[in-house]
Each structure stands twice: as C-alpha cells, then as structure tokens.
There are 2 protein chains.
Amino acid sequence: MLLSKSCVYGLRATLLLASNQNGNYTSIKELSEKLDISFHFLTKILQQLTAVDLMESLKGPKGGVRLSKSGEEITLLDIVIAIDGEDLLTECALGLPGCGIEKPCPLHDMWASTRDEIREMLESTSLTQMANKGKKMNLRITADGKFTWE
Amino acid sequence: MLLSKSCVYGLRATLLLASNQNGNYTSIKELSEKLDISFHFLTKILQQLTAVDLMESLKGPKGGVRLSKSGEEITLLDIVIAIDGEDLLTECALGLPGCGIEKPCPLHDMWASTRDEIREMLESTSLTQMANKGKKMNLRITADGKFTWE
DNA sequence: TCTATTTAAGAGTAATTTGTCTTAAATATA
DNA sequence: TATATTTAAGACAAATTACTCTTAAATAGA
C-alpha cells in the first residue's frame, strides 16, 4: 500500500473540511459518520494534524476541528507527510538505509525520479482543488458512495 | 512503504541470481548469508517465486534455486507482482474499492498516471539490467555494503 | 454554576506482516 | 542402500498497524 489507512482517512477528512470551509468547527463525529470511519480512530488521526498545526480543534459544544488555513494553501503532500512521514519520498526501493547519489543501489536513479514525480504530484495539488473537483463532478470519497458533497 | 519487506528481499535475491546465471542451483543458505536475510524467511519468500514458475528449486545436495529463464526475460514487475500482488498498480489513492474511470475518486486521474509510470518503470527493467549495472558500478544490495558481486 | 457536548489521552484488543523453529520430503553421492 | 544436504510446509512468536473503549479535560450555553 502506498499510503497507510490512517493517511487515507486523514485525506478523506481534510478533503471534506476543505469542501466546506466557512470558519466553523466541524465535529469529528459528523466527519466520521459521513465518511464511515470509526470515530475514535479518526479522532486519533486528526490529532496528528492538529499537532503539526494543519488543523485547529475546539472542545465542547460547537467544538470540532477546522483547517488552520485555507485549503488552497494545504497540499496533499502536507497531509501525507504529517501522517505517514517522509518515508515514501525518501526510502530506497530496496530498503537500503542511506541509499543516495553517493552510495546508491542499482535501482536508485530510476526510483528517485519516480519518487520525485509522486512528490511533485502531491505537492502541486491542494485540498481545495481536489475538493472542488469532487464537488463539481460529484465524485466518491467513501467506499459505498453514499457520501454527498451537499 | 511502497514495496513490502518480503518483496524487497525477493528482489535482492533474484538480482543476485541474475548476476550469476550459469545454470547451476544456488542454495538459499548462500543467498541468505550473502544478503544478510533470515534463511527461513527468505526460503518462504522464494517459494512464492517458484510457485509462479519464476524460479526452479531442487532439494538435496547440490540443490538450491535458480531463475527459470534468463534474467533478461524477468522484469522487476514480475517479482513485485508475484510477491506483493497487483495492489500497488491498481489500488485507489484513497483506498476506494472499484475506483476507476467510471466511478473515480477526486485523485483518480492524477494517481492513475503516476501508477502507470511506476508500472512502466518496473516493467521495462529486467533483473539482468539491474544486476549488470550493480556489478559494473559495484553498487550495494545490502545494508552494510559488505556484499560483493564477485 | 451546572450540564451536556466535544476533543485529548492512554490503555487495551485485533489483524496483518515479519520473522523463527521444527519436522517432513526429496535427492546427490558415497 | 545409507547418509548428509537441501527445499517444503506448517506451527509458532514478535512487531507493527489498525481499531476500540474508557476516562479526563475543556467549553458553550442554560
């Protein structure tokens, strides 16, 4: 799997938040129900995003989470790195520690350029772009497809 | 992680076999020692490759494993698919089952083209190509770098 | 101030991946 | 044929990832 499940869940949730940005907090309960993700599990994942200030949270009634800046300023890469770390973008295809230009493995050159394309793709795409696309074309972000962008 | 550890180990072992192709069997013991991989674990992994006829094995003294055809005819993709399956090349970036042109997620188009590049890279590279490169440039296929292509 | 609501934090469980160990089956060679 | 060597197979253990549950802390609103 390219992205961990946690990361995928984080992306789905932040896409939803980006589609809906009005300054209000959205409760994690609501997110978890709309996205069909376990509430407690999603809570833990989103805590990682608030920990790196990609999101803000507020406890209590009317509380919840929201993006800490415009979804246009948050890229898919920001979310991926916050949850899965840099591994995907730095790791050797043969799993060798310290694989790089100085001490490469046979696959290094090829793999490094593929990795860069992945990075470029994630880095050049904002949450808002994807959320707008999903909204406009009514695309799925859940398995059952019951989710609607409203 | 893009590739599982099993897959990485399988790649390292088959690269070594491709570098050394003379029709003889190489014992898994020797592979595991040269590559610094647990013998029993490597045995299990290589069984998956013999199961799909990418390798042949022979029990008993002088036994071991060898590629079932020239390493020029075996691509990295063959090994990856045999061990990790097609997931990497078919899976949705958001983990949605059945994500495709008819029922895409917002990331689908972008991701599908990146996935195709990964496939293209793995498919167009043979074990022998990588083994020769490693041999010629004396590149690592183990963490400690003690391995030598001889 | 009290209460209901909501996130935070941490312990605990389940599933998957990774790795180990033992025994069985095959085979080359003496 | 007997023996040593090697893969095959399956049970088992450890580590990681995925998920659940309980309790604490914060806060809006009555």
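Lettering of chains follows the sequences in order, A, B, ..., and the numbering in each one begins at 1.
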For this session: Kindly state which residues belonging to residues 53-64 of chain B come within less than 4.0 angstrom of DNA chain C, counting heavy atoms of the residue only, listed by number.
Result: B:L58, B:K59, B:G60, B:P61, B:K62
Seminar exercise, completed: Applying ring-ring contact (aromatic ring centres under 6.0 Å, His included) to B:Y25 and not counting sequence neighbours gives none
Exercise. Which residue pairs pass the side-chain hydrogen bond (donor to acceptor under 3.5 Å, both in side chains) test when at least one of the two sits in residues 29-40 of chain B, sequence neighbours left out?
Worked result: B:K29-B:E33, B:E30-B:K34, B:K34-B:E150
Exercise. What is the 5' to 3' range of DNA chain C, first to last nucleotide, that sits under 4.0 Å from any heavy atom of chain B?
Worked result: C:dT18 to C:dT29
Exercise. A:R140 side chain to B:C105 main-chain N or O, any donor-acceptor pair under 3.5 Å?
Worked result: no
Exercise. Would you say the side-chain atoms of A:W149 pair up with the backbone N or O of A:L16, donor to acceptor, closer than 3.5 Å?
Worked result: no
For this session: Could you pull out all residues at least two apart from A:D116 that satisfy salt bridge (charged side-chain N to carboxylate O under 4.0 Å, His left out)?
Result: none
Exercise. Quick one: is A:K5 getting a side-chain N or O under 4.0 Å of the D:dT17 phosphate, OP1 or OP2?
Worked result: no
Exercise. Among residues 39-52 of chain B, which residues get a heavy atom nearer than 4.0 Å to DNA chain D?
Worked result: B:F39, B:K44, B:Q47
Please output the side-chain donor-acceptor pairs of residues 73-85 of chain A that fall under 3.5 Å, not counting sequence neighbours, one pair per line with the distance.
{"unit_1": "A:T75", "atom_1": "OG1", "unit_2": "A:L77", "atom_2": "N", "d": "3.3"}
{"unit_1": "A:T75", "atom_1": "OG1", "unit_2": "A:D78", "atom_2": "N", "d": "3.1"}
{"unit_1": "A:T75", "atom_1": "OG1", "unit_2": "A:D78", "atom_2": "OD2", "d": "3.3"}
{"unit_1": "A:D78", "atom_1": "OD2", "unit_2": "A:T75", "atom_2": "N", "d": "2.9"}
{"unit_1": "A:D84", "atom_1": "OD1", "unit_2": "A:S4", "atom_2": "OG", "d": "2.5"}
{"unit_1": "A:D84", "atom_1": "OD2", "unit_2": "A:S4", "atom_2": "N", "d": "3.0"}
{"unit_1": "A:D84", "atom_1": "OD2", "unit_2": "A:S4", "atom_2": "OG", "d": "3.4"}

Problem set entry | Ionic contact status for A:R119 with A:E86, cut-off 4.0 Å | yes
Exercise. Can you get from B:M110 to A:V8 by hopping between Ile, Leu, Val, Met, Phe, Trp and Tyr side chains that sit under 4.5 Å apart?
Worked result: yes
Exercise. Are any side-chain N or O atoms of B:S68 and backbone N or O atoms of B:D53, one a donor and one an acceptor, separated by less than 3.5 Å?
Worked result: yes
Problem set entry | Length of the line joining A:D87:CG and D:dT16:C1', which is rounded to integer Å | 13 Å
For this session: Name all residues meeting the ring-ring contact (aromatic ring centres under 6.0 Å, His included) criterion together with B:W111; count only those two or more places apart in sequence or in a different chain, and write none if there are none.
Result: none
For this session: Check each residue of residues 24-37 of chain B for a non-hydrogen atom within less than 4.0 Å of any atom in DNA chain C, then write out the ones that pass by number, or none.
Result: none
Could you go through residues 93-104 of chain A and list every donor-acceptor pair under 3.5 Å that involves a side-chain atom there, pairing it with any protein atom two or more places apart or in another chain?
none

Can you give each donor-acceptor pair under 3.5 Å made by side-chain atoms of residues 130-137 of chain B, sequence neighbours left out, with the distance rounded to 0.1 Å?
{"unit_1": "B:K133", "atom_1": "NZ", "unit_2": "A:D109", "atom_2": "OD2", "d": "3.4"}
{"unit_1": "B:K135", "atom_1": "NZ", "unit_2": "B:S19", "atom_2": "O", "d": "2.5"}

Only distances under 3.5 Å count here; give the side-chain donor-acceptor pairs of residues 43-52 of chain A to other protein atoms, sequence neighbours excluded, each with its distance to 0.1 Å.
{"unit_1": "A:T43", "atom_1": "OG1", "unit_2": "A:F39", "atom_2": "O", "d": "2.8"}
{"unit_1": "A:T50", "atom_1": "OG1", "unit_2": "A:Q47", "atom_2": "O", "d": "2.8"}

